[in-house]
Number of protein chains: 4
Amino acid sequence: MATSEQITARPVMTDQDASAVLRAAEARARETGARMVIAVVDGAGDLKAFVRMDGAPRGSIEWTIDKAITAASFGMPTHVLTDGVQSSPPVMASMASLPHITLTPGGYPLMLSETLVGAVAAGGGTTPDQDQVVAEAGVAALGSR
Amino acid sequence: MATSEQITARPVMTDQDASAVLRAAEARARETGARMVIAVVDGAGDLKAFVRMDGAPRGSIEWTIDKAITAASFGMPTHVLTDGVQSSPPVMASMASLPHITLTPGGYPLMLSETLVGAVAAGGGTTPDQDQVVAEAGVAALGSR
Amino acid sequence: MATSEQITARPVMTDQDASAVLRAAEARARETGARMVIAVVDGAGDLKAFVRMDGAPRGSIEWTIDKAITAASFGMPTHVLTDGVQSSPPVMASMASLPHITLTPGGYPLMLSETLVGAVAAGGGTTPDQDQVVAEAGVAALGSR
Amino acid sequence: MATSEQITARPVMTDQDASAVLRAAEARARETGARMVIAVVDGAGDLKAFVRMDGAPRGSIEWTIDKAITAASFGMPTHVLTDGVQSSPPVMASMASLPHITLTPGGYPLMLSETLVGAVAAGGGTTPDQDQVVAEAGVAALGSR
């Protein structure tokens, strides 16, 4: 039998963490006057917390969850992933057609002790920049835990 | 031009309402010691608010969202819908295989002024009864608005 | 900033663990003369290791991976999950129609320090019992780590 | 009745072959320090053997399996297929959106006696070149059988 010392462990994001990330992003969205969808997933891309603010387009629901899944699946912000592939049209087209993978800005990995523990994404902003500002407020909330 | 008096309107559930429903259900789950998934959708079955408590099985994510979608889609609690169809195995099997429709207890419509405005569902409890108790706490939170 | 003491952590199954589970199950299958598919997934149901022995039916590929996903998704052996739902035809039909959920024997959760870290499944045996014997050999290999 | 001399046959890749290909590619990945996903499929594109090394991004699971399926489906390395279609954006976009077809480097057909018997692919490398080097080590392992 393995002793606890031998067992490899990794940090996890609790539901309290996920809630703090969600609230921080939502507060930032309200400051900007935007009506947003905000999603938090765990390191495997499974939904942990979600809110759709009044007036946010329903077309942003799946899209925003997919941004979070994409950031968790590749361990990098979605705009960085996009920058890395857009020089190659075949790679870009292939990635964009993978289920739940989206090459749009606004999804960010969440890290604890240099380990991927989840991702947060925002969508529905009137500009991609707005999505990023709101999601980044969520990232900052976990960092200050 | 229609004056504001002439425009037909229906009540809607705000994001504040959805948040209150979610928090009440989550508080009830914590009282029972259960680790649950809780989902709130609007009247069209589109996700409005969601939380997955630590330890809730990931198999309950889609299942619980589907319970809420089912309650919103037919305007009745999922256990009532199930009672109505289980005397006919072909009807039951056909309904169960519709995308996002599930014949399992724990999903409830949310009403304002006798109008369907959404649904709440709970999943991951150790018994179907536990799912129902938690979701009913969410229903009560909207009723007392 | 959080100190490492404050961070919640959980044990994980390494690729060496997954390989040991796979090899033990495959060895057991060869002893029985069966031609099997064996799959190991992590705690989120994502594929970690897989082998299809010569002569194993291709229809068992997705089926066996789904058995492992099901065991990881609900944290229990698939035959136990099945026993729990078969008294209710509507629940049974609803679960069976969820994507990647299967109510067939042969999937088992993998635990380390009482924490779900993955699942192993076997398929393609000539009897459900054979699937279970082979998968259980995989479970035993992790326990003795 | 046909005698054994009269029966038309084609070479096949055994599970031992597939295992040798997988191990050679995995060993090459460890030499380079990369955390990779490696997949081996048969000539029909059905999964035969698979490993996900610790730290490999989960976004590479389906992608890598798809690289192997693509190489088996067209009987050529994925980078050669990509070179052939990228001069026509409509052809490229149409191919990239076919289920399980991906126009990204790192998938190679496996041949025995000039016959297609399967494919191997690697993914998750920090550069496409890394994916190719690792998959090529798998190809070489079969060639030396």
Side-chain angles (χ1 to χ4, degrees), chain B residues 34-37 39 52-71 73-74 76-107 121 123-132, chain C residues 6-13 41-48 65-104 107-119 121:
Chain B
R35 297 159 169 188
M36 311 281 278
V37 172
R52 174 162 52 109
M53 295 167 66
D54 294 338
R58 65 178 295 286
S60 294
I61 299 174
E62 289 302 317
W63 193 356
T64 304
I65 294 174
D66 284 355
K67 285 187 197 181
I69 292 173
T70 302
S73 296
F74 293 100
M76 65 179 75
T78 53
H79 67 278
V80 174
L81 179 70
T82 301
D83 286 346
V85 302
Q86 66 181 343
S87 63
S88 170
V91 172
M92 187 194 72
S94 297
M95 286 200 65
S97 69
L98 283 171
H100 302 299
I101 299 301
T102 180
L103 298 173
T104 50
T126 50
T127 63
D129 182 66
Q130 203 172 38
D131 292 348
Q132 291 182 270
Chain C
Q6 295 171 308
I7 293 172
T8 301
R10 66 177 170 203
V12 295
M13 175 176 63
V41 300
D42 64 20
D46 290 319
L47 196 61
K48 193 76 183 159
I65 293 174
D66 283 356
K67 286 188 198 181
I69 291 173
T70 301
S73 295
F74 293 101
M76 64 181 75
T78 52
H79 68 278
V80 174
L81 181 70
T82 302
D83 287 345
V85 302
Q86 68 182 344
S87 64
S88 170
V91 172
M92 188 193 71
S94 296
M95 285 202 68
S97 68
L98 283 172
H100 299 300
I101 299 302
T102 180
L103 298 173
T104 49
Y108 292 79
L110 294 168
M111 312 291 289
L112 283 175
S113 305
E114 301 183 8
T115 302
L116 177 75
V117 296

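What you see is a predicted model; the values in this text were computed from it and never measured. Residue numbers begin at 1 in each chain, while the letters A, B, ... track the order of the sequences.
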Item to check | Residue-level interface, residues 83-101 of chain B with chain C, non-hydrogen cut-off under 4.5 Å | outcome: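 Near chain C, by residue number: Gln86(B), Met92(B), Ala96(B), Ser97(B).
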
Item to check | Taking every non-hydrogen atom, the tightest pair across Gly43(C) and Arg58(B) | outcome: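 Heavy-atom minimum between the residues: O-CD, 3.8 Å.
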
Item to check | Least distance between heavy atoms, Phe74(C) atom then Pro57(B) atom | outcome: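 So the two residues come closest at CA-CB, 4.3 Å.
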
Item to check | All side-chain hydrogen bond (donor to acceptor under 3.5 Å, both in side chains) counterparts of Thr102(B), not counting sequence neighbours | outcome: Trp63(B), Thr104(B)

Item to check | Part of Asp54(B) within contact of chain C (heavy atom distance under 4.5 Å) | outcome: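 Neither the backbone nor the side chain of Asp54(B) comes within 4.5 Å of chain C.
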
